[in-house]
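Note that this is a predicted model, so its numbers are computed, not measured. Throughout, a chain's letter reflects where its sequence line sits, starting with A, and its residues are numbered from 1.
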2 protein chains.
Amino acid sequence: MSKLKIKITRQRKIILEELKRVASHPGADKIYEMVRLKLPKISLGTVYRNLEILAKYNIIKKLEFGSNQKRFDGNPENHFHIRCLNCGIIDDLFLEKLNNLKNILPKEDKGYKIIGYNLEITGLCSKCKLK
Amino acid sequence: MSKLKIKITRQRKIILEELKRVASHPGADKIYEMVRLKLPKISLGTVYRNLEILAKYNIIKKLEFGSNQKRFDGNPENHFHIRCLNCGIIDDLFLEKLNNLKNILPKEDKGYKIIGYNLEITGLCSKCKLK
DNA sequence: ATCACTGCAAAGGGTTTGCATGGTT
DNA sequence: AACCATGCAAACCCTTTGCAGTGAT
């Protein structure tokens, strides 16, 4: 949790603002669209580079599940994600029962030092479950 | 769990055999290499198409974690996977403690009907943890 | 003056797809 | 004959990268 210095450029500031503004866990392309409304000359490469950096500094979270596209979450705090198997929407889920999941994991198994986990919950969103 | 009919072509048979033969959870490219030793004229497209079909029929398992590349597992039974954060190797893990994870999940939350989950455990393999 | 950041465009990787051909029933 | 599977190659999507120019300290 070291406080490394990260330079807050205009691009980074707006990428972060836009990402925090939405709950949709957008991919880089959607973020590019959103940011471009405020910063029309930004390049897609810059968006990719900065999302990567923001994630490395734990300012945002990178989600790399099931879909072929990486998605990003403006909320870096520990929580879970559910993906609708039908429409693909990704939402936050706060499941207290699962907060001790880390403690259930062994420290070591089969010669591996166990460090963490990535959990994706799957299901159907309120719209899709009606069909 | 309906027993749908799947035609076992020579290509499918060999893809399945080769995949079951290894514990390395290879990607489509590696599977293509392996299969081509026995079926030199097979095309990469056929490998992709058949891996997709075999996974749909639950004959094999498709792993879509962290990496950009999909990996495949010849063992369709329920078990867990660990990925070495350093070298990227993926291995099977059988953790009895976690077998009831499904039961811990609520059936419903935030309007979502919860169906399942994908869990990837991360860590360091026996070689990489020494460094 | 330096060094990291940017825009642009091209390249990269993994995967999918259209099409004509070939195999099975 | 109908239908699905195959080989081939091109297309596709998402992401990364080289480069020259820009900005901030």
Side-chain angles (χ1 to χ4, degrees), chain A residues 3-19 24-57 59-73 83 88 90, chain B residues 3-19 24-57 59-73 83 87-88 90 120:
Chain A
K3 280 246 158 55
L4 297 171
K5 60 186 171 202
I6 176 177
K7 195 190 290 181
I8 300 300
T9 63
R10 187 162 11 148
Q11 288 85 345
R12 275 175 203 167
K13 183 156 169 292
I14 294 186
I15 289 172
L16 184 57
E17 283 171 6
E18 292 304 297
L19 183 55
S24 58
H25 306 78
D29 56 337
K30 285 281 190 319
I31 296 169
Y32 177 51
E33 278 179 29
M34 298 184 327
V35 169
R36 213 155 37 140
L37 297 177
K38 310 211 163 175
L39 222 51
K41 307 218 58 172
I42 197 171
S43 82
L44 184 56
T46 296
V47 171
Y48 271 102
R49 275 186 288 237
N50 283 329
L51 287 170
E52 213 54 53
I53 290 170
L54 290 168
K56 184 179 339 181
Y57 280 80
I59 298 169
I60 66 174
K61 241 182 175 176
K62 178 165 50 157
L63 310 179
E64 313 184 66
F65 290 114
S67 136
N68 354 357
Q69 197 189 184
K70 286 172 191 150
R71 308 276 216 108
F72 295 87
D73 187 342
R83 176 170 52 89
I90 294 178
Chain B
K3 281 243 160 52
L4 298 171
K5 60 186 172 202
I6 177 177
K7 195 188 290 182
I8 300 301
T9 64
R10 187 161 12 151
Q11 289 84 345
R12 275 175 202 167
K13 183 158 170 289
I14 294 187
I15 288 171
L16 184 57
E17 283 172 6
E18 292 303 297
L19 183 55
S24 58
H25 305 78
D29 56 336
K30 285 281 191 317
I31 296 170
Y32 177 51
E33 278 180 29
M34 300 184 325
V35 169
R36 215 156 35 140
L37 298 177
K38 310 210 164 179
L39 222 49
K41 306 219 57 172
I42 197 172
S43 81
L44 184 55
T46 297
V47 171
Y48 272 102
R49 275 186 288 236
N50 283 329
L51 287 170
E52 213 55 52
I53 289 170
L54 290 169
K56 181 177 342 176
Y57 281 80
I59 299 170
I60 65 174
K61 241 181 172 174
K62 179 166 49 158
L63 310 179
E64 312 183 67
F65 291 114
S67 134
N68 351 357
Q69 196 190 185
K70 286 172 191 149
R71 308 277 216 107
F72 295 87
D73 187 340
R83 177 171 52 89
C87 70
I90 293 178
E120 177 195 53

Visitor: Are OP1 or OP2 of D:dT16 and a side-chain N or O of A:Lys70 less than 4.0 angstrom apart?
Guide: yes
Visitor: Under 4.0 Å from OP1 or OP2 of D:dG7: is there any side-chain N or O of B:Thr46 that close?
Guide: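 For B:Thr46, the contact criterion (side-chain N or O under 4.0 Å from OP1 or OP2 of D:dG7) is met.
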Visitor: Whole-Å distance between D:dG7 P and B:Ile14 CD1?
Guide: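 It is 11 Å, rounded to the nearest whole Å.
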Visitor: Under 4.0 Å between a side-chain N or O of B:Thr9 and OP1 or OP2 of D:dA5?
Guide: no
Visitor: Expressed as a whole number of angstroms, how long is the span from A:Glu64:CD to D:dT15:C1'?
Guide: 12 Å
Visitor: Looking at every non-hydrogen atom in both residues, tell me the closest pair between B:Leu19 and B:Asp73 and how far apart they are.
Guide: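 Taking B:Leu19 first and B:Asp73 second, the nearest heavy atoms are CD2-C, 4.1 Å.
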Visitor: For B:Leu44 and for A:Val47, find the nucleotide of DNA chain C with the closest heavy atom, then tell me which residue's nucleotide is more 5'.
Guide: A:Val47
Visitor: I need the minimum non-hydrogen distance between A:Pro26 and A:Met34, along with the two atoms involved.
Guide: CG-CE, 4.5 Å
Visitor: In whole Å, I'd like the distance from the CG atom of A:Leu51 to the C1' atom of D:dC14.
Guide: 13 Å
Visitor: Taking atom P of D:dC12 as reference, at what distance in whole Å does atom CG of B:Asn68 sit?
Guide: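 It works out to 22 Å between those atoms.
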Visitor: Toward the 5' end of DNA chain C, which comes first, B:Phe72 or B:Lys7, by nearest nucleotide?
Guide: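 First, find each residue's nearest nucleotide; the 5'-ward one identifies B:Phe72.
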Visitor: Just how far, in rounded Å, is P of D:dC12 from CD of A:Gln69?
Guide: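 The distance from CD of A:Gln69 to P of D:dC12 comes to 18 Å, rounded to the nearest Å.
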Visitor: Is a salt bridge present between A:Lys56 and A:Glu52, judged by a nitrogen-to-oxygen distance below 4.0 Å?
Guide: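 Salt bridge flag = no for A:Glu52 with A:Lys56.
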Visitor: Is A:Gln11 near enough to D:dG23 that one of its side-chain N or O atoms lies under 4.0 angstrom from OP1 or OP2?
Guide: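 It does not, given that no N or O in the side chain of A:Gln11 lies less than 4.0 Å from OP1 or OP2 of D:dG23.
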Visitor: So, does A:Arg12 use its side chain to make a donor-acceptor pair with the main chain of A:Lys7 at under 3.5 Å?
Guide: yes
Visitor: In whole Å, what is the span from the CD atom of B:Glu52 to the P atom of D:dT6?
Guide: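 Distance, rounded to whole Å: 14 Å.
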Visitor: Below 4.0 angstrom from OP1 or OP2 of D:dT16, is there any side-chain N or O of A:Tyr48?
Guide: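 It does not, given that no N or O in the side chain of A:Tyr48 lies less than 4.0 Å from OP1 or OP2 of D:dT16.
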Visitor: On a heavy-atom basis, which atom in B:Val47 and which in B:Ala28 lie closest, and how many Å separate them?
Guide: CG1-O, 4.0 Å
Visitor: Regarding C:dG7, can its base be found pairing with the side chain of A:Arg49 as donor and acceptor, where the two atoms are less than 3.5 Å apart?
Guide: yes
Visitor: Answer yes or no: does a side-chain N or O of A:Asn50 lie under 4.0 Å from OP1 or OP2 of C:dT6?
Guide: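 For A:Asn50, the contact criterion (side-chain N or O under 4.0 Å from OP1 or OP2 of C:dT6) is met.
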Visitor: For A:Ile42, answer base if it contacts any base atom (sugar-phosphate contacts may also be present), sugar-phosphate if it contacts only those atoms, and nothing otherwise; contact means non-hydrogen atoms under 4.0 Å.
Guide: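 Sugar-phosphate only.
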Visitor: Report the distance from atom CD1 of A:Ile8 to atom C1' of D:dT25, rounded to the nearest whole Å.
Guide: 16 Å
Visitor: Tell me the interatomic distance from B:Ile6, atom CD1, to D:dT6, atom C1', rounded to whole angstroms.
Guide: 15 Å
